[in-house]
Amino acid sequence: MSVQEIAEKVIPPNYPPDLYKIRHSAAHVMAQAVLEMFPDAHIAIGPPIEDRFYYDFDLPRTLTPDDLAQIESRMRDIIKGDYPFTYRAVSADEAKKIFADQPFKLELIAGLQAGQVNDNGNPVNEAPEITVYTQDTFTDLCRGPHVASTGQINPDAIKLMSIAGAYWRGDEKNPMLQRIYGTAWRTSEELEQYLWRLDEAARRDHRVIGKQLDLFSTNEEVGAGLILWHPNGGLMRKTVERFWQDLHEASGYDFVYTPHIGKSTLWETSGHLDFYAESMYAPIELDEQDYYLKPMNCPFHMHIYTSHTRSYRDLPLRFAEMGTVYRFERSGTLHGLLRVRGFTQDDAHHFCTPDQVEAEIDFALNFCLNMLRAFGFEDFQAYLSTRPEKFVGEAPNWDRAEAVLEMALKRAELPYDVDAGGGAFYGPKIDIKVKDALSREWQLSTIQFDFNLPERFDISYVGADGERHRPYMVHRALLGSMERFFGVLIEHYAGVFPVWLCPVQALLIPITDDQVAYCQEVAAKLKAAHIRVQVDTSDNRMGHKIRQGQEQKIPYMLVVGKREVENDAVSVRLRTEENLGAMSVDDFIARAQQVIADKTGL
RNA sequence: GCCCUCAUAGCUCAGUGGUAGAGCGCACCCUUGGUAAGGGUGAGGUCAUGGGUUCAACCCCCAUUGAGGGCUCCA
């Protein structure tokens, strides 16, 4: 196999090879431009990544946006030079000579010499062949592949995006380098398309929409990662929770409520203080006892289980709780509603006998998909994570649990990937990601076996044989957390929510003050019909009221003038700008109620 | 946590080493207008917090708090 062929194998299966080479080559061109600017710079690595590429540098000063413009412009010059990318194989000693003043490269060479591991994480016996690629004045330790010459990079389809800090090899014990992110495409149209996608994602940013629609906020005095739900967001959350409760109630769940803190002994029994302490808030000491804010609900549910002797006739048991938990997330990782320190899980724990496991998992999975579909998600991707090297419990139980999970996925006809060895130490699991309107994946649901807690809390049921048996236990969260789910909903719908979720479903717009009283009457009627309605009694003109209703993305604007009052009607304008004209109040109520019940339409 | 950037009115943002401005929103007045912004007047800010430099700090420096972009998709 030629070096070129080996290089081609580096390209990930789903990565278009030409784009991979373009981005990889653009990274080298960028490194050349940076080295010309800072001859003493130390260069690290510069791979293509999804949609982009980057290169890490150790530089004498921090970069500015002006530097980026300059580097980008120099890159175009190098591209115009159409310098060929040439490679050659070198011995380790020769490589060390070439990169004598590049400590990161020397480290990589040493690693290559030692053999290290291949891309699958398996040790490689012989050291791979070391190659270097050169274009113009720049030579890099590199396995390729590259385009034939710099001229094959489209100068109108590259753009440097941002500067960020990044640890050498991603390890925070290592020095912090400066990373430049760039993107490169085949054509300027492709670049435009990519930039449009970024703009669209920014337009849907739940933090921005959350402010526009007055849904939630955070407050410096309250603390980072702690969410304040405003009345509009609160109304939406209540709607989601009510739906969630109804569905659970109709499907054999019991509702439980548990405290926010528990004694240290509880967390010792559960193992959280051994395995999870660094994600927990510091203890509160009272009466010489340590209490901890709960990072999970399960230990409490375990004790609800242990409060009785359970018979096999009682199983399956399903304890559901919207449980609010607190986890200490590192400050740099917090992000809007998507990564927070206090959140409410839509949690449940199932307990069942071994011969119920199959049905129970089928049930949980279908219940989950129904729940997600109700919120407008149709595109799912599942991940099955199996037994890791370190695990608790009996291997045969794991095998059975994994088989049950996989069968359930097949029966549900869900596309899934297997993450072999990716399970938690306590049990295998299914994670479900949904694709949103921009095809971005969000992980929401998880269904996990637990072979740890039943042991630790020594839970059991009495079987038909009169003996004590260990039940199977399953954790599951469907929406994940209310905070995160809300953030995903906002981005998925860009704030244009289905009617049933809208905080204000109809806005009554009197054209003049003369219609205010009538509007109030209609509003009372709509409220009685469980339609959330507001009357705009401001002295703004109708056009202005419509504009404001539109900006709040209110589904129905009900314009009321003299004619409507006379006919006991409202004139219905949809947020799509479609004008339905006048209809009777009763007809409107019927329409809205239908749309709300359908959870779709307008 | 670490690197970089940022913090000015309720919101979005200008701005200057000599104690601050716009638009929107809000209040009031005029206007009673038929499907995305009618007009006027006014209130509202110890320029995130705490130190420091300076005759003088919103502006420069340091710290803190909060927010944003990142922190292996391994040559």
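As a basis for the values below, the full set of heavy atoms in this structure was taken, side chains included, without hydrogen atoms, waters or symmetry mates. Residue numbers begin at 1 in each chain, while the letters A, B, ... track the order of the sequences.
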Q: Taking Watson-Crick and G-U wobble pairs with both distances under 3.5 Å, convert RNA chain B into its dot-bracket string, 5' to 3', dots for unpaired and | for cross-strand pairs.
A: (((((((..((((....[..)))).(((((.......))))).....(((((..]....))))))))))))....
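- Of the inter-residue distances, the one linking A:Ser25 atom OG with A:Gln135 atom CD reads 8.0 Å to the nearest 0.5 angstrom.
- Looking only at distances, a side-chain donor or acceptor of A:Lys105 sits under 3.5 Å from a matching main-chain atom of A:Ala44.
- Heavy atoms of A:Arg563 sit under 4.0 angstrom from at least one base atom.
- Within the structure, every pair that satisfies the salt bridge (Lys or Arg N to Asp or Glu O under 4.0 Å) test and touches residues 536-550 of chain A, not counting sequence neighbours, is listed here: A:Arg547-A:Glu551.
- Rounded to an integer number of Å, the gap from A:Tyr54 OH to B:C71 C1' is 10 Å.
- Here B:G25 presents its P atom at 7 Å from CG of A:Asn540, a figure rounded to the nearest Å.
- Within the nucleic acid shown, A:Gly581 has no heavy atom closer than 4.0 Å to any nucleic acid atom.
- For A:Lys433 and A:Tyr383, the positive end sits near the middle of the six-membered ring, less than 6.0 Å away and at most 45° from its axis.
- Side-chain atoms of A:Glu564 and base atoms of B:G34 include a donor and an acceptor less than 3.5 Å apart.
- Look at the C1' atom in both B:A57 and B:U49: the space between them is 16 Å, to the nearest Å.
- Here the separation of B:C29 from B:G34, taken at their C1' atoms, is 25 Å to the nearest Å.
- Each of A:Gly336 and A:Glu577 has a nearest nucleotide on RNA chain B; the 5'-most of these lies closest to A:Glu577.
- Nucleotides B:U19 and B:G69 place their C1' atoms 35 Å apart, quoted to the nearest Å.
- A:Tyr556 meets the side-chain hydrogen bond (donor to acceptor under 3.5 Å, both in side chains) test with no other residue; sequence neighbours excluded.
- Straight-line distance between the C1' atoms of B:G50 and B:C3: roughly 24 Å, to the nearest whole Å.
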(Q) Treating primed atoms plus P, OP1 and OP2 as sugar-phosphate and everything else as base, which nucleotides of nucleotides 1-13 of chain B get B, S or - for protein heavy atoms under 4.0 Å? (A) BBBS------SS-
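- One interatomic measurement links the two molecules: CZ of A:Phe104 to P of B:U72, which rounds to 15 Å at whole-angstrom precision.
- The separation of B:C11 from B:C26, taken at their C1' atoms, amounts to 11 Å, rounded to a whole angstrom.
- Base contact: A:Asp539 has a heavy atom under 4.0 Å from a base atom.
- Listed nucleotides B:U72, B:U35, B:C29 differ in distance to A:Arg573; the shortest reach to its side chain belongs to B:U35.
- In this structure, the side chains of A:Gln505 and A:Val595 stay at 4.5 Å or more apart for every pair of heavy atoms.
- Annotation: proximity of residues 542-558 of chain A to RNA chain B (heavy atom, distance under 4.0 Å) is found for A:Met542, A:Gly543, A:His544, A:Ile546, A:Arg547, A:Gln548, A:Gln550, numbered in ascending order.
- Whole-Å rounding puts the A:Glu566 CD to B:G34 P distance at 15 Å.
- Here the separation of B:A7 from B:U12, taken at their C1' atoms, is 14 Å to the nearest Å.
- Remark: the A:Asp171 side chain and the B:C71 base include no donor-acceptor N/O pair separated by less than 3.5 Å.
- Listed by first then second residue, pairs satisfying ring-ring contact (aromatic ring centres under 6.0 Å, His included) with a partner in residues 207-235 of chain A read A:Trp229-A:Phe486, not counting sequence neighbours.
- A donor and an acceptor atom, one from each side chain of A:Glu192 and A:Trp185, are nowhere located under 3.5 Å apart.
- Distance, A:Asp214 CG to B:C24 C1': 15 Å, rounded to whole Å.
- Side chain of A:Ile45, nearest nucleotide from B:C74, B:G33, B:C73: B:C74.
- When each of A:Gly46 and A:Gly561 is assigned the nucleotide of RNA chain B bearing its nearest heavy atom, the one mapping closer to the 5' terminus is A:Gly561.
- Of the listed nucleotides (B:G33, B:G69, B:U35), B:G33 has the atom at the smallest distance from the side chain of A:Arg541.
- Distance CZ (A:Arg52) to C1' (B:G69): 10 Å, rounded to an integer number of Å.
- For the 3.5 Å distance criterion, the side chains of A:Arg23 and A:Tyr54 fail to qualify, holding no donor opposite an acceptor.
- When side chains are defined from C-beta on, A:Ile45 counts as touching A:Leu108, because their heavy atoms get closer than 4.5 Å.
- Ring pair A:Tyr55/A:Phe57 is parallel by interplanar angle, where below 30° counts as parallel and above 60° as perpendicular.
- Between A:Leu198 atom CG and B:G69 atom P there is a gap of 12 Å when expressed in whole angstrom units.
- Judged purely by distance below 3.5 Å, without hydrogens or angles, the side chains of A:Gln102 and A:His42 never pair a donor atom with an acceptor atom.
- Nucleotides B:U5 and B:G44 are separated by 37 Å at their P atoms, to the nearest Å.
- Taking atom CG of residue A:Asp513 and atom C1' of nucleotide B:G33, one finds them 11 Å apart after rounding to whole Å.
- If you take atom C1' in B:A36 and the same atom in B:G18, they sit 45 Å apart, rounded to whole Å.
- Contact annotation: the side chain of A:Lys435 never approaches that of A:Gln381 to less than 4.5 Å [non-hydrogen atoms, C-beta and beyond].
- Using a 4.0 Å cut-off between a side-chain N of Lys or Arg and a carboxylate O of Asp or Glu, A:Asp586 and A:Lys525 qualify as a salt bridge.
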